[in-house]
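What you are looking at is a predicted structure, and each value in this text was computed from that prediction instead of being measured.
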Amino acid sequence: MGKGKEAQKLVANNKKAYHDYFIDETYEAGIALHGTEVKSMRMGKCSIKESFIRIENGEVFVYGMHVSPYEKGNIFNKDPLRPKKLLLHRYEINKLSGKAAQKGYTLVPLQVYFRDGKAKVEVGLARGKKLYDKRQDIAKKDQRREAEKEFKIKNLY
């Protein structure tokens with residue numbers, strides 16, 4: 001395992017997902033990409049802000065994931081917003097489709113990263129938050145920030 005460099009390189013993160021949803025479970029999935037898309041992702045040109053995941057005919061696809069065209073890719077570039085297939089084991093797909101069929105559950109991409117040279121997506125099984133849940137989270141965050149600020153001031157003197 002001694003490679004010398006980190007085995008995981010973060011490409012894109014979906015912070016909004018943690019704000020809008022309660023994440024119950026996470027899964028790691030591979031992405032079926034074309035060559036120029038991989039090169040573009042290695043340069044960090046990927047966005048999953050408005051993306052979502054659907055299961056169709058026993059296959060999992062991510063929609064709205066924007067991979068910018070590779071500058072030197074010319075004719076080999078693909079549509080930046082094309083649906084990309086996620087690679088999961090059959091039992092994982094069956095489990096996810098059963099849970100996603102329940103009321104209030106959805107699948108959201110949480111982050112895109114490279115692990116050992118392969119592009120991966122962290123898929124979250126999520127429940128939507130209500131407005132009052134978001135307000136509680138914001139209040140907790142503010143409270144924590146205030147406590148840290150007071151602690152910092154107290155330790156300076």
For this session: Grab the two heavy atoms, one from Leu125 and one from Ala100, that are nearest each other, plus how far apart they are.
Result: CD1-N, 4.3 Å
Exercise. Lys49: what forms a salt bridge (Lys or Arg N to Asp or Glu O under 4.0 Å) with it, not counting sequence neighbours?
Worked result: none
Problem set entry | Rounded distance [0.5 Å steps], CD in Gln111 versus NZ in Lys15 | 11.5 Å
For this session: Answer yes or no: does atom CD of Glu50 have more than 12 heavy-atom neighbours from other residues, nucleotides or ligands under 6.0 Å?
Result: no
Problem set entry | Test item: Lys45 side-chain N/O and Lys39 main-chain N/O as donor-acceptor pair under 3.5 Å | no
For this session: Flag yes if Ile53 and Phe61 sit in one hydrophobic cluster, no otherwise; membership is Ile, Leu, Val, Met, Phe, Trp, Tyr, and two members link when side-chain heavy atoms are under 4.5 Å apart.
Result: no
Exercise. Heavy atoms, side chains only, cut-off 4.5 Å: are Leu86 and Lys84 in contact?
Worked result: no
Exercise. Do you know the tightest heavy-atom contact between Cys46 and Val11?
Worked result: CB-CG1, 3.7 Å
Exercise. Honestly curious: do Leu107 and Tyr27 fall in one hydrophobic cluster under the side-chain, below-4.5 Å linking rule?
Worked result: yes
For this session: May I ask you to test the Val62-Val121 pair for a side-chain heavy-atom distance under 4.5 Å?
Result: no
Problem set entry | Heavy atoms from other residues, nucleotides or ligands near CD of Glu56 exceed 12 (cutoff 6.0 Å) | yes
For this session: For residues Lys16 and Asn14, determine if any side-chain heavy atom of one lies less than 4.5 Å from a side-chain heavy atom of the other.
Result: yes
Problem set entry | Separation between CE of Met41 and OH of Tyr113, rounded to the nearest 0.5 Å | 11.0 Å
Exercise. Are Ile48 and Val38 connected in a single hydrophobic cluster, I mean Ile/Leu/Val/Met/Phe/Trp/Tyr linked by side-chain heavy atoms less than 4.5 Å apart?
Worked result: yes
Exercise. Hey, are the side chains of Val123 and Val60 touching, using non-hydrogen atoms and a 4.5 Å cut-off?
Worked result: no
Exercise. Looking at CD of Glu92 and CD of Glu28, how far apart are the two atoms once the value is rounded to the nearest 0.5 Å?
Worked result: 9.5 Å
Seminar exercise, completed: Distance col, row Tyr105:OH vs Phe22:CZ, nearest 0.5 angstrom, shows 11.0 Å
Exercise. To the nearest 0.5 Å, how far apart are OH in Tyr91 and CG in Leu96?
Worked result: 11.0 Å
Exercise. Just how far is it from atom OG1 of Thr106 to atom CZ of Arg54, taken to the nearest 0.5 Å?
Worked result: 9.5 Å
For this session: State, to 0.1 Å, how close Phe52 and Pro109 come at their nearest heavy-atom pair, and which atoms those are.
Result: CA-CD, 4.1 Å
Problem set entry | Residues that Tyr18 engages under side-chain contact (heavy atoms from CB on, under 4.5 Å), provided they are two or more places apart | Ile23, Leu110, Glu122
Seminar exercise, completed: Tightest non-hydrogen contact, residues Ile93 and Gly58, listed as CD1-O, 3.6 Å
Exercise. Is any side-chain heavy atom of Met65 closer than 4.5 Å to a side-chain heavy atom of Ile31?
Worked result: yes
